[in-house]
Amino acid sequence: MTHEHLVMSFECSYTPPPPGDEAMAENPFQMQHMHWLRQHPYSCRENLFLSQETNALRDELLAYKKAGGGTIVENTTTGIDRDLPALQQLAKDTGVHIIAGAGYYIDCTHTEATKKMSVEKLTNSIVNEVLHGADGTDIRCGVIGEIGTGWPITESEKKVLRSTAHAQAQLGCPVIIHPGRDPAAPAEVVRILQENGGDISKTVMSHLDRTIFDEGELLEFANMGSYLEYDLFGTEMLNYPFNLKVDMPSDSQRVKTLAFLVKEGYEDKILMAHDIHTKNRLTKFGGHGYCHILKNIVPKMLTRGITHHQVDKILIDNPKRWLTFK
Ligand SMILES: CCC(=O)NCCS(=O)(=O)O
């Protein structure tokens with residue numbers, strides 16, 4: 001899984017509940033309230049602290065391993081409470097390989113100190129997180145990202161993108177991007193990375209499920225050469241609170257889009273994940289957990305024209321190639 005979170009907080013994205021639903025947001029975490037939480041995951045503060053569920057995470061990872069999972073790329077970066085010692089402990093306890101992310105999340109999580117840093121300083125800090133360790137530890141990150149960007153991309157986010165490209169040029173390492181919620185956002189990020197020496201063939205564009213919907217636009221973006229990541233598997237939501245214009249696809253629609261990309265020749269560029277970042281998606285709270293793709297989505301893919309060989313490319317070969325330093 002190339003895009004998950006195990007220990008993080010998503011407080012930065014708290015969204016007030018719809019008018020009239022204020023009391024629902026205060027309800028305890030009980031079965032009868034889970035449907036509301038699935039529809040409004042960002043409107044209940046308690047739901048935003050995955051960092052409180054480390055014990056449950058141990059069980060989730062053991063289940064993931066039993067289902068055939070070997071490795072998770074943990075995309076938590078500075079700004080959303082990365083906790084590298086907790087990740088190291090989870091890896092030791094479960095035997096699941098956890099690859100941590102270097103760099104910075106979206107603008108509203110940048111501190112004043114981060115905003116003042118030069119591109120050179122930001123580059124050095126990212127390189128240091130990969131070569132020597134992050135957050136005052138000797139635990140080294142294995143990818144840069146998820147690097148957060150909004151729409152329009154802010155000046156501070158542009159600086160981080162330039163630094164990401166410079167760091168990638170030095171290290172030959174994998175990069176993963178969280179684009180803004182606009183169909184034009186992924187291409188704009190790729191242009192900035194390219195102009196600054198980034199290697200687009202070793203870069204993942206995340207969250208395409210909620211970003212590009214038109215097939216022609218998707219193929220145009222795919223042609224730019226990044227990995228194409230569908231990473232919101234398990235999210236079935238009628239009103240996407242961060243952009244109400246978006247019709248969040250269902251898992252069936254996600255599989256359909258993957259089959260379309262495979263038919264168009266992009267089987268070497270597709271990646272998949274769940275991007276679990278709220279508590280309600282854990283099996284402890286009736287959610288789909290980290291095994292959903294392996295247990296439920298893969299069988300569906302096989303009935304929708306995607307071969308076993310192509311599934312192996314998407315879940316094994318493509319992540320391996322992306323994660324290998326040049
Ligand atoms: C930190 C987790 C994250 O950013 N997830 C993306 C959510 S969404 O922008 O795709 O809704």
Side-chain angles (χ1 to χ4, degrees), residues 1 3-64 66-67 69 72 74-76 79-81 83 86 90 105-106 108-109 146 178 181 206-207 209-210 230-255 272-297 300:
M1 298 295 132
H3 197 132
E4 302 296 346
H5 299 269
L6 303 172
V7 188
M8 66 163 277
S9 87
F10 207 34
E11 227 184 338
C12 61
S13 294
Y14 173 77
T15 309
D21 272 10
E22 291 80 1
M24 304 290 279
E26 303 301 324
N27 278 328
F29 259 64
Q30 288 169 353
M31 203 49 97
Q32 68 265 36
H33 303 130
M34 285 302 150
H35 177 71
W36 187 88
L37 265 184
R38 269 195 290 278
Q39 294 300 316
H40 308 283
Y42 311 115
S43 299
C44 164
R45 286 195 190 276
E46 193 187 333
N47 199 32
L48 306 178
F49 292 94
L50 203 53
S51 49
Q52 295 169 343
E53 296 299 334
T54 316
N55 281 335
L57 256 303
R58 198 168 287 113
D59 295 338
E60 295 275 353
L61 288 179
L62 290 171
Y64 174 69
K66 200 167 166 205
I72 280 181
E74 215 283 4
N75 276 252
T76 305
I80 45 177
D81 291 353
D83 185 343
L90 281 170
Y105 194 57
I106 58 174
C108 65
T109 69
E146 64 184 297
H178 164 113
R181 300 174 183 106
S206 307
H207 313 325
D209 350 21
R210 54 82 164 143
Y230 285 76
D231 51 29
L232 294 165
F233 275 95
T235 307
E236 308 255 358
M237 181 189 278
L238 193 59
N239 295 302
Y240 177 52
F242 298 143
N243 184 352
L244 292 173
K245 286 191 207 145
V246 162
D247 287 325
M248 182 62 89
S250 65
D251 280 352
S252 295
Q253 288 166 316
R254 289 184 181 99
V255 170
M272 298 166 68
H274 312 92
D275 185 21
I276 292 182
H277 53 274
T278 52
K279 287 186 190 181
N280 68 298
R281 296 175 67 192
L282 301 179
T283 51
K284 174 182 173 184
F285 299 114
H288 54 79
Y290 296 82
C291 303
H292 178 54
I293 288 176
L294 295 177
K295 287 198 164 175
N296 305 316
I297 303 297
K300 172 95 179 179

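A side-chain N or O of H5 and one of E146 form a donor-acceptor pair less than 3.5 Å apart. H288 and N296 share no side-chain donor-acceptor pair at under 3.5 Å.
With rounding to the nearest 0.5 Å, the separation of CD1 in I72 from CD1 in I276 is 8.0 Å. The CD atom of E74 lies 9.5 Å from the CG atom of D83; values are rounded to the nearest 0.5 Å. Note that CZ of R210 is 8.5 Å distant from CG of D231, once rounded to the nearest 0.5 Å. Taken from CZ in F29 to CG in L282, the straight-line distance is 9.0 Å, to the nearest 0.5 Å. Taken to the nearest 0.5 Å, the CG atom of L6 stands 4.5 Å off from the OH atom of Y290. A distance of 4.5 Å separates CE in M272 from CD1 in I293, rounded to the nearest 0.5 Å.
The side chain to side chain contact (heavy atoms under 4.5 Å, CB included) test applied to S13 returns F10, F242, not counting sequence neighbours. The side chain to side chain contact (heavy atoms under 4.5 Å, CB included) search around P19 returns none, not counting sequence neighbours. Residues satisfying the ring-ring contact (aromatic ring centres under 6.0 Å, His included) test with H40, not counting sequence neighbours, are W36. The salt bridge (charged side-chain N to carboxylate O under 4.0 Å, His left out) check on R45 picks up nothing, with sequence neighbours excluded.
F233 and D209 get closest at one heavy-atom pair: N-OD2, 4.3 Å. Shown here for A67 and K295, the closest heavy-atom pair between the two residues is CB-CE, 4.1 Å. Nearest heavy-atom pair, M237 versus P41, reported as atom, atom and distance to 0.1 Å: CE-CG, 3.4 Å. Looking at every heavy atom in both residues, C12 comes nearest to Y105 through SG-CE2, 4.0 Å.
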Output, in order, the C-alpha distance, side-chain angles, deciding distance and verdict of side-chain contact (heavy atoms from CB on, under 4.5 Å) for Q52 and K279. CA-CA 9 Å; Q52 295 169 343; K279 287 186 190 181; 2.6 Å; yes
Going through the distances and angles, do L50 and T278 end up as a side-chain contact (heavy atoms from CB on, under 4.5 Å)? CA-CA 6 Å; L50 203 53; T278 52; over 6 Å; no
Determine whether Y230 and V255 satisfy the following criterion, side-chain contact (heavy atoms from CB on, under 4.5 Å), listing intermediate values before the conclusion. CA-CA 9 Å; Y230 285 76; V255 170; over 6 Å; no
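In this structure, N239 contributes its side chain and P241 its backbone to no donor-acceptor pair below 3.5 Å. No donor-acceptor distance shorter than 3.5 angstrom exists from the side chain of Q30 to the backbone of Q32, with no hydrogens or angles considered. The backbone N or O of L232 sits less than 3.5 Å from a side-chain atom of R254, completing a donor-acceptor pair. Panel note: side chain E60, backbone G289; no donor-acceptor pair is recorded below 3.5 Å. With hydrogens and angles disregarded, a donor-acceptor distance shorter than 3.5 Å links the side chain of S43 to the backbone of T15. Panel note: side chain N47, backbone Y42; no donor-acceptor pair is recorded below 3.5 Å. Side-chain N or O atoms of E4 include none that pairs as donor or acceptor with a backbone N or O of A273 at under 3.5 Å.
At most 12 non-hydrogen atoms from other residues, nucleotides or ligands lie less than 6.0 angstrom from CD of E11.
Counting only heavy atoms from C-beta outward, the side chains of V7 and T76 never approach each other to under 4.5 Å. A heavy-atom distance below 4.5 Å is not found between the side chains of D81 and S51.
The residue from H277, H3, H207 that alone fulfils the ring pair (Phe, Tyr, Trp, His ring centres under 6.0 Å) condition with H178 is H207.
Every pair tested for salt bridge (Lys or Arg N to Asp or Glu O under 4.0 Å) that includes a residue from residues 13-23 fails, sequence neighbours excluded, so the list is empty. Sorted by first and then second residue, the salt bridge (Lys or Arg N to Asp or Glu O under 4.0 Å) pairs with a member in residues 25-38 form an empty list; sequence neighbours excluded.
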